[in-house]
Amino acid sequence: MGKVVPLGGNYAVAYAVKACDVDVMTAYPISPQTTIVERLSEFVANGELDAEFLHVESEHTALSVAIGAAAVGARAYSATCSQGLALMNELLYIMSAMRLPMVLTIVNRALSAPINIWNDHSDFMSVQDAGWVMMMSASNQEAYDEVIIGYRIAEDPRVLLPVITSMDGYIQSHVVEPVEVESDEDVLSFAPKRRTWYVLDPDKPVAMGSVGDPNYYYEFKRQQWEAMKEARQVFDEVVVDFAKKFGRRYSAIETYMLDDAEVAIVGMGSFMGTIKAYVDRARKEGIKVGALRVKLYRPFPADDVAKALSNVKLVGVMDRALVPGSPTGGHLHSDVIAAIKQRGLDVRTIGFIAGLGGRLLTMDNVKQMVSALIKYKDARELPKEPIFIGVRE
Amino acid sequence: MSKPITVWDLPRDELLAPGHRMCQGCGAAIAFRHILKAAGKDTIVVMPTCCGEITSTVYPDNAWRVPWIHVAFENAAAVASGIRAGIEVLKRKGVIPKDRQINVVAIGGDGGTFDIGLQALSGTLERGDDVLYICYDNEAYMNTGIQRSGSTPMGAWTTTTPVGKIWRGEWRPKKRKDLVAIAIAHNVPYAATANPAFPLDLYAKVKKALSIRGPKLIHVLSPCVPGWRIEPDKSVAVGKLAVLTGMWINYEYENGVYRVTTPVPKRKPVREYLRLQGRFRHLSEEEIKKIQQLVDAEVERINKLIGKEVIGPVEG
Ligand SMILES: Cc1ncc(C[n+]2csc(CCOP(=O)(O)OP(=O)(O)O)c2C)c(N)n1
Ligand code: SF4
Ligand SMILES: [Mg+2]
């Protein structure tokens, strides 16, 4: 049994990083991630954690340092969001393709412009193609647990991919919740340091990051696809182990009142709490609505999502990032449609955009979504554009 | 003073394998070879994207007989810092034996150093990370086909500073930014210039740099056959002439003290250096005179730093 401590999401994550005995930490301040770095600095400053803490001059360097550290076999950690994540972008792709493990926490925040420090998912979603395993939490406990689970997945020899864990900026990062903090020993026995990958070692010289010409590049990429498939398998194993060890059970998706639901809302992150609360209220009024939260975003749990939604008449997918000009307007919506259609299911969807740049989601907003779902449930024609919730037109 | 080294003192080990695909006569290849002789096998090399990188490690081939890593174009110094940090902490935690000496050497081009990589380099130097950073300077972006860099000398033709009706090659009307001075401004313990035409000097500097803890920088001139439009058998001659004309000065800085390692009592006119290279072929007498003036001023500056005339006047 761990100790229950009231913690904001950022501090919770810092405790998890400390417990994982991270070797090299490097991060650059950016709201709302900054207090992770501050707390980690304190751990190192007080001798509570023996790690190299590099004060870098940018996020680009933060990730470069992590790559270098991982390349010699160190357990590396960093945290960022928004513009910082955008600045890392180039290296995200490189690190996953070099098959070097680490954990990077994103404290989800809007992307400029206009510059905005508040929460949405435009930063997280913008790196969906980068080849990282990606999880999004919905509570501070989950944010804490994701780091520990993250190292287990990243360093599993079947996977060897870097892992992104995430939480919603301010809504989680700066709001205190009770978090069960496990002992360092328990955490490390769950996620032991195994150095399962090739490292730079003068006794066994290897070259990393070679040129992959047309004769080889493709095969490297093909292997990344396989590694992601393995990651899904490993995720499922690790969450079972985790539940055994710590008593908290996670899965790639979380469903709520879906069994008999006619309509459902699919989304990610902390807003799903509000949605579940509204589902409770609507159920009392006899509306058959359910909810589905995607926790594991890459690899996308397509089978789970499709199966869970297979009996729903109309699904509303809520995206918290906008992709101007795309067919659906949102990443998650496109993924959900793909999952459903690839499995030949006749489940229809509409898209919602909500909560951009820290716009809060009210119960009224959710009501609006559910009303739209009911309105279109049996309609022949569905909207071809996302429905913008909570915006002034 | 220790006894000066001779070629007989150089290790026979060739840690840069033949068949590396660099051009015949590549100055950088000569530099890499001697850098590795000095650093030895307990060395991890970091390279940014550059000519040396793409030629030497085309999968599955690899010319480096030491552990080697390339990540991106602008971050060699940062990757090197991460490697050093990883080694240090893994030593403390007993994963790597505590007494294991491992050199971390980043070797980047001028583009990856003067331009896109300067910020990361500044971070590494400023933090004091125990890394040797070597810039091999072929004075343009060779990998992408000879484009101008922040190190391209005045008047030089490149594909982005072509010679046309209005442009006359590189336009910067002054000496390029001073990389060694930039390093020294970060309070590094050691910084130097070197040149593969003087391999013993280069070797000694790498050795010395690696004996010092902290961030070190060596700026190495690297004649480039296609980029400078020289004959493959002329790269060493051109490198020598760079020093004999004062276009390049081999010196070092160690804890506040400057020392010219290749004194030149009587300089040759810069024309002799320029005329061997196609990239300067278009220069007029007037333009050559301007370059001569820039060199004269730099020689004067270095002589002042040293406190005596180590580089002499142009021979009459
Ligand atoms: C971010 C980024 N921008 C541009 C490039 C393209 N690029 C690769 S190497 C290079 C020039 C390298 O020049 P330099 O550092 O001088 O090395 P050289 O090839 O001359 O030895 C450029 C522009 C890149 N790989 N990455
Ligand atoms: S282009 Fe220049 S720097 Fe590149 S390999 Fe050839 S000679 Fe060397
Ligand atoms: Mg160059």
Side-chain angles (χ1 to χ4, degrees), chain A residues 21-26 28 44 49-76 78 88 90-91 93-95 97-98 100 102 193 195 198-213 215-217 219-220, chain B residues 15 21 40-49 53-90 92-93 95-96 100-104 106 119-124 126-127 129 131:
Chain A
D21 188 36
V22 163
D23 297 315
V24 175
M25 288 180 317
T26 158
Y28 195 76
V44 179
L49 172 59
D50 182 9
E52 290 284 314
F53 188 106
L54 267 79
H55 297 99
V56 291
E57 84 305 322
S58 71
E59 288 85 355
H60 196 280
T61 288
L63 202 54
S64 303
V65 164
I67 291 172
V72 289
R75 185 173 269 187
S78 190
M88 283 181 179
E90 175 192 37
L91 299 163
Y93 285 77
I94 293 175
M95 189 170 198
M98 289 178 83
L100 292 171
M102 79 172 286
K193 294 164 96 175
R195 259 183 141 210
Y198 279 106
V199 297
L200 297 170
D201 173 1
D203 292 333
K204 288 178 247 123
V206 294
M208 295 186 183
S210 304
V211 176
D213 68 13
N215 210 16
Y216 288 101
Y217 179 90
E219 281 70 24
F220 279 95
Chain B
L15 297 176
R21 303 177 205 217
K41 67 173 205 27
D42 289 339
T43 300
I44 296 175
V45 172
V46 185
M47 268 201 156
T49 317
E53 169 264 324
I54 57 137
T55 49
S56 62
T57 56
V58 182
Y59 187 87
D61 298 337
N62 166 24
W64 300 82
R65 291 175 172 149
V66 294
W68 178 97
I69 183 171
H70 156 256
V71 178
F73 183 24
E74 63 286 68
N75 67 350
V79 174
S81 288
I83 288 173
R84 174 54 77 198
I87 291 172
E88 289 309 309
V89 64
L90 292 178
R92 282 207 301 277
K93 294 184 180 179
V95 179
I96 297 176
R100 187 83 159 98
Q101 290 291 330
I102 301 174
N103 303 313
V104 180
Q119 174 177 326
L121 175 61
S122 175
T124 295
E126 170 273 318
R127 284 189 303 271
D129 299 341
V131 164

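Values below: every heavy atom of this structure, side chains too, minus hydrogens, waters and symmetry copies. Note on naming: letters A, B, ... go to the chains in the order of the sequence lines (proteins, then strands), and numbering restarts at 1 for each one.
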Where on [X] is there a heavy atom nearer than 4.5 Å to chain B: the side chain, the backbone, both, or neither?
X	value
A:Asp203	both
A:Arg195	side chain
A:Leu200	both
A:Asp213	side chain
A:Val56	both
A:Phe220	side chain
A:Ala207	both
A:Lys193	side chain
A:Leu91	side chain
A:Ala62	neither

What closest approach, in Å, do [X] and [Y] show between heavy atoms, and which atom pair accounts for it?
X	Y	value
B:Pro48	B:His70	C-CD2, 3.5 Å
B:Ala78	A:Ser64	CB-CB, 3.5 Å
A:Val206	A:Val199	CG2-O, 3.8 Å
B:Trp64	B:Ser56	NE1-OG, 2.7 Å
A:His55	B:Arg127	O-CD, 3.1 Å

Between [X] and chain A, with a heavy-atom cut-off of 4.5 Å, which part of the residue counts as in contact: side chain, backbone, both or neither?
X	result
B:Ile54	both
B:Arg65	backbone
B:Val66	backbone
B:Ile102	side chain
B:Asp42	both

Between [options], which has the largest tally of heavy atom pairs under 4.5 Å with chain A?
options	value
B:Ala76, B:Gly82, B:Ala80	B:Gly82
B:Asn75, B:Val45, B:Thr124	B:Asn75
B:Ala120, B:Gly123, B:Ser122	B:Ala120
B:Glu126, B:Lys93, B:Glu53, B:Met47	B:Lys93

Nearest-0.5 Å distance that lies between atom [atom1] in [X] and atom [atom2] in [Y]:
X	Y	atom1	atom2	value
B:Thr55	B:Arg21	OG1	CZ	9.0 Å
B:Arg84	B:Asp129	CZ	CG	9.5 Å
B:Asn103	B:Gln101	CG	CD	7.5 Å
B:Asn62	B:Trp68	CG	CH2	7.5 Å

Heavy atoms only, distances under 4.5 angstrom: which of [options] has the most pairs with chain B? Name it, please.
options	answer
A:Asp201, A:Asp23, A:Thr61, A:Val24	A:Asp23
A:Leu63, A:Leu54, A:Val65, A:Asn215	A:Val65
A:Ala51, A:Ala76, A:Ala70	A:Ala51

May I ask you to say whether B:Arg92 pairs ionically with A:Glu52, meaning some side-chain N is under 4.0 Å from a carboxylate O?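 Between A:Glu52 and B:Arg92 there is a salt bridge, with a charged N closer than 4.0 Å to a carboxylate O.
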Assess whether a salt bridge exists between A:Asp21 and A:Arg75, defined as any Lys/Arg side-chain N lying under 4.0 Å from an Asp/Glu carboxylate O.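 Here A:Asp21 does not pair with A:Arg75 in a salt bridge, since their nearest N and O are not under 4.0 Å apart.
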Please answer whether the main-chain N or O of B:Pro67 pairs with a side-chain N or O of A:Lys204 as donor and acceptor at a distance below 3.5 Å.
-> no
| task | Spell out, as yes or no, whether a donor-acceptor pair under 3.5 Å connects the side chain of A:Ser210 to the backbone of B:Tyr59. | result |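 Checked: no pair found.
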